[in-house]
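What's counted below: heavy atoms across the whole structure, side chains too, no hydrogens, waters or symmetry copies. First the proteins, then the strands, lettered A, B, ... as listed; each starts at 1. Since the model is a prediction, treat every value here as computed from it, not as a measurement.
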Protein chains: 2
Amino acid sequence: MQHLLENIKEYMDMLDDTQLRTTVSELTVAELIEVWDFLNEKEKLRLFLLFDHDVKSEFITELSTADQEFLIVELSEQATKNMLEEMRPDDLVDLIQAISPENRESLWQNMSEESRRETEFLLRFDEDDAAGLMTPRYAAIQGDITVDQALKFIRRTLDKLETIYYIYVVDKLKRLTGVVSLKQILAADDRALIYDIMEEHVIYVRDDTDQEETAKVLEDHDLLALPVVDKFNRLLGIITFDDVIDVIREEQTEDIYKMGAMGGNTDSYLESSVPQLVLKRLPWLVILLLAGTITTNVLSSFNDLILAASFLTLFIPVITQTGGNCGTQSSTLMIRGLATDELHFRDIWKVIGKEIMVGLIIGLSTGVIIFLRGLFLPPGIELIQAITVGISLSAVVIFATVLGALVPLMIHRLGFDPTVAAGPLMSTVIDVIGLTIYFKVAMMILGIG
Amino acid sequence: MQHLLENIKEYMDMLDDTQLRTTVSELTVAELIEVWDFLNEKEKLRLFLLFDHDVKSEFITELSTADQEFLIVELSEQATKNMLEEMRPDDLVDLIQAISPENRESLWQNMSEESRRETEFLLRFDEDDAAGLMTPRYAAIQGDITVDQALKFIRRTLDKLETIYYIYVVDKLKRLTGVVSLKQILAADDRALIYDIMEEHVIYVRDDTDQEETAKVLEDHDLLALPVVDKFNRLLGIITFDDVIDVIREEQTEDIYKMGAMGGNTDSYLESSVPQLVLKRLPWLVILLLAGTITTNVLSSFNDLILAASFLTLFIPVITQTGGNCGTQSSTLMIRGLATDELHFRDIWKVIGKEIMVGLIIGLSTGVIIFLRGLFLPPGIELIQAITVGISLSAVVIFATVLGALVPLMIHRLGFDPTVAAGPLMSTVIDVIGLTIYFKVAMMILGIG
């Protein structure tokens with residue numbers, strides 16, 4: 001594979017279309033995507049045109065918006081029609097939403113009547129809700145038929161269905177009343193009624209359930225697919241596990257961005273323009289900068305102390321950085337625990353107890369290290385100065401460790417997303433309070449002020 | 001549900017065992033787990049004993065190690081036997097590996113001959129590899145039988161299989177030669193041969209494939225299950241999508257911990273002891289602290305400058321914090337892009353181009369803000385001082401933005417995990433170099449030194 005990737009351009013030049021088509025037909029879509037990145041526009045178009053319709057329809061959903069636009073402009077009307085016909089309705093909706101309005105129009109015109117109807121139905125829902133993930137191509141039957149009838153029905157309609165492994169049981173008003181797996185159907189007697197073998201306690205989500213919550217429901221119950229119902233309990237569609245994996249990945253990116261002091265969308269880096277990147281980064285930076293300048297006032301208010309004991313200046317970055325790191329560690333543990341439902345606000349006393357213990361141990365350890373470092377390594381400070389720095393750092397670390405754990409729990413309790421208290425904001429807060437502790441402790445030990 | 005959770009203890013006291021069993025039978029395992037956390041040991045045992053065998057076997061795999069140990073000690077021999085009989089082999093292996101050696105022995109003795117054989121087979125593999133996720137309960141057939149025969153075989157054996165939705169085709173030596181989905185079988189003519197309808201290009205992983213890599217393969221191909229083969233291409237077992245979701249979650253926790261300057265395992269916070277938490281946190285803290293103390297030497301070397309222009313001290317924390325934030329943003333974007341395979345080392349020139357542009361814009365913006373802030377807000381500094389701080393911050397930000405992007409790409413190129421260059425380490429490096437830039441720029445503008 002690696003060999004093929006490196007030589008794909010030469011391969012493409014060497015082979016005629018028939019030979020290339022044979023080579024390509026042996027690759028999976030995931031492998032083709034890897035090849036894609038190495039090609040120029042002309043080569044991309046040549047490759048794409050050699051795909052079968054079903055590969056085209058799957059392939060295009062995996063591309064960047066820019067590549068999708070490019071293909072839609074370049075493809076003939078007939079090629080577009082054939083490709084759209086093979087696309088899953090939820091992928092079609094994503095494509096429609098991603099591309100620019102002018103190209104959207106040409107897509108609509110090349111869609112079949114049925115696809116257009118399905119797409120219009122799905123477009124009514126918010127893309128960040130459960131309904132934004134669903135496909136209307138599910139298997140539904142009524143409960144009063146036999147296993148044999150159900151199996152025949154599935155075999156007849158399976159071309160049109162996204163998954164046949166769960167079959168949902170609905171009443172005459174399309175309300176969800178049960179679910180039966182294909183495994184249960186195959187295990188049952190042919191003459192048994194679906195009513196008698198179905199699971200009545202169906203796990204479902206409402207159309208307006210948040211997508212992260214939806215992912216958790218599917219995950220907690222190890223389901224292949226999850227039905228989506230409206231407020232009258234009518235079945236609207238199903239969400240399959242592969243779409244849920246995508247949600248988990250996206251959520252992961254969002255959380256990691258928040259920890260890296262960035263907001264905004266999770267678009268691909270290479271595709272984001274410079275203004276988009278600035279927009280993602282600058283707002284948080286400015287907020288943190290403005291909050292961080294409070295340290296200027298803190299330092300200014302201890303001006304006399306700093307003049308009298310100028311060695312204190314030398315340790316300002318180490319004190320703030322170490323305090324920030326400890327606070328970040330605590331807040332990271334809390335944020336993760338809250339996100340995975342492992343921690344709750346009711347655990348606050350256990351958390352405080354643990355963090356005080358942990359804070360004491362790491363506070364004393366880091367204090368001893370900076371004491372020894374100050375005393376024995378250049379620039380070299382006096383004993384009383386090293387003691388001062390050691391004790392101050394210990395105090396800052398203990399404080400930062402406990403605060404770092406408390407703030408996310410509080411924010412969560414107030415109903416907000418605790419991830420805002422991740423690394424960068426926590427460090428900034430600790431810079432301000434940590435410096436104050438540092439100087440106060442120093443004043444006490446040195447007997448100044 | 002919330003209501004039930006809050007009152008579960010009263011419910012349990014009010015109801016006799018038969019009534020409680022009825023209530024409990026209507027809850028899913030995920031719901032029962034939520035209830036569980038509110039109970040004391042006696043209540044936990046009472047509840048657990050009311051579960052059906054299959055619920056018990058599923059439930060215990062979701063518990064913490066402490067709760068698993070507790071139940072295994074408390075359960076009668078017969079109850080343990082019944083529960084183990086229902087457990088999936090991969091869950092059984094996880095349980096065996098989690099509990100203490102003394103309780104492990106009693107588990108072994110209560111396992112059936114078959115379970116013990118399966119478990120011993122699975123225990124031969126590394127738990128972090130693909131083989132550590134697999135179950136030996138897959139459906140395998142030979143290719144020379146008809147669709148009708150295959151369907152009959154599946155219906156006969158489905159009780160023993162983890163999934164029947166993919167059926168693997170093997171030769172006489174158990175080598176993997178194809179795969180056919182249940183959907184394809186149901187769609188095909190009863191008399192067709194499996195050979196003629198199967199997919200020959202099987203996506204598989206080797207037993208020693210890393211589990212994160214395994215997750216990506218299943219995810220990229222939207223598969224329900226993935227076969228695991230040995231080096232002779234013999235089928236060893238299959239990995240199902242739900243186990244892959246668990247791997248993705250675990251990987252997410254690991255990455256987030258690394259961004260929060262923590263290493264070690266991803267055990268639950270509440271279950272980790274204080275020494276375990278210290279071990280997870282202290283090593284990184286000490287490394288960062290020792291690296292961070294280089295700033296002490298930097299500051300000491302610019303001692304004369306600081307004495308001549310003491311206002312520079314006031315902005316040390318803001319400069320280091322903002323530089324660190326910019327570097328963290330860049331490194332986060334790179335780490336995430338590399339992890340999701342969206343970025344590669346070959347993109348380095350595009351990245352440098354973008355980061356220089358982004359760095360210029362955010363550098364100038366933050367420079368102007370700190371300039372205005374210094375000039376107009378307390379403690380208030382002079383014009384030339386504000387200019388100095390503004391230009392210095394811009395320079396640090398531009399540098400930090402570009403460095404933050406380059407370091408993870410370099411680390412990745414060298415074959416290491418770029419996540420080590422996440423937030424905390426990046427901030428520490430930038431503290432050292434950023435301060436040097438700050439003072440050098442100040443010296444030039446102020447004409448000192």
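A side-chain donor-acceptor contact under 3.5 Å links S331(B) to the backbone of T328(B). A donor-acceptor contact shorter than 3.5 Å links the side chain of K183(A) to the backbone of L161(B). With hydrogens and angles disregarded, no donor-acceptor distance shorter than 3.5 Å links the side chain of D220(B) to the backbone of V217(B). For Q184(B) (side chain) and S181(B) (main-chain N/O), a donor-acceptor pair under 3.5 Å exists by modelled atom type.
Taking chain B as the reference chain and counting heavy-atom pairs below 4.5 Å, the highest number among Q329(A), H201(A), E342(A), R155(A) is found for Q329(A). The greatest number of non-hydrogen atom pairs below 4.5 Å with chain B, out of A291(A), P317(A), A187(A), is found for P317(A). Contact count against chain B (heavy-atom pairs under 4.5 Å) is highest for E251(A) among E251(A), H344(A), E200(A), E271(A). Looking only at heavy-atom pairs under 4.5 Å with chain B, the residue among E355(A), E58(A), M357(A), K350(A) that has the most is E355(A). Most heavy-atom pairs under 4.5 Å with chain A: of the set L435(B), D431(B), T320(B), this distinction falls to D431(B). With respect to chain A, the highest number of heavy-atom pairs below 4.5 Å among E62(B), Q252(B), E219(B) belongs to Q252(B). If you tally non-hydrogen atom pairs under 4.5 Å between each of G292(A), C326(A), S310(A) and chain B, the highest count goes to C326(A). Between chain B and the options Q321(A), M259(A), M334(A), the largest number of non-hydrogen pairs under 4.5 Å is found for Q321(A).
Under a 4.0 Å N-O distance rule, the pair D347(A)/K354(A) does not qualify as a salt bridge. Looking at R88(B) and D242(B), a side-chain N of the basic residue comes within less than 4.0 Å of a carboxylate O on the acidic one, giving a salt bridge.
Residue I185(A) touches chain B through its backbone alone, counting heavy-atom pairs closer than 4.5 Å. With a 4.5 angstrom heavy-atom cutoff, I164(A) touches chain B only via side-chain atoms. Both the backbone and the side chain of I248(A) have a heavy atom closer than 4.5 Å to some heavy atom of chain B. If you measure heavy-atom distances from L182(A) to chain B, the contacts under 4.5 Å come from both the backbone and the side chain. Residue contact with chain B, scored on non-hydrogen atoms closer than 4.5 Å, involves the backbone and the side chain of N325(A) alike. Residue L218(A) touches chain B through its side chain alone, counting heavy-atom pairs closer than 4.5 Å. Interface residue L151(A): only side-chain heavy atoms are found under 4.5 Å from chain B. Contacts of I203(A) with chain B are made by side-chain atoms alone, with heavy-atom separations under 4.5 Å and no backbone atom involved. Only the side chain of I361(A) comes within contact range of chain B, with heavy atoms under 4.5 Å apart. At a 4.5 Å heavy-atom cutoff, R156(A) makes no contact with chain B through either its backbone or its side chain. Of the atoms belonging to V29(A), not a single heavy atom falls under 4.5 Å from chain B. Contact of I369(B) with chain A is made through the side chain alone, with heavy-atom distances under 4.5 Å.
Looking at heavy atoms from C-beta onward, F315(A) lies out of side-chain contact with L393(A) at the 4.5 angstrom threshold.
Checking H221(A) against T28(B) by side-chain atom types alone, a donor-acceptor pair falls below 3.5 Å. No hydrogens or angles considered: a donor-acceptor pair under 3.5 Å links the side chains of R281(B) and S330(A).
Ring planes of Y165(A) and Y165(B): parallel class, angle under 30° (limits at 30 and 60°).
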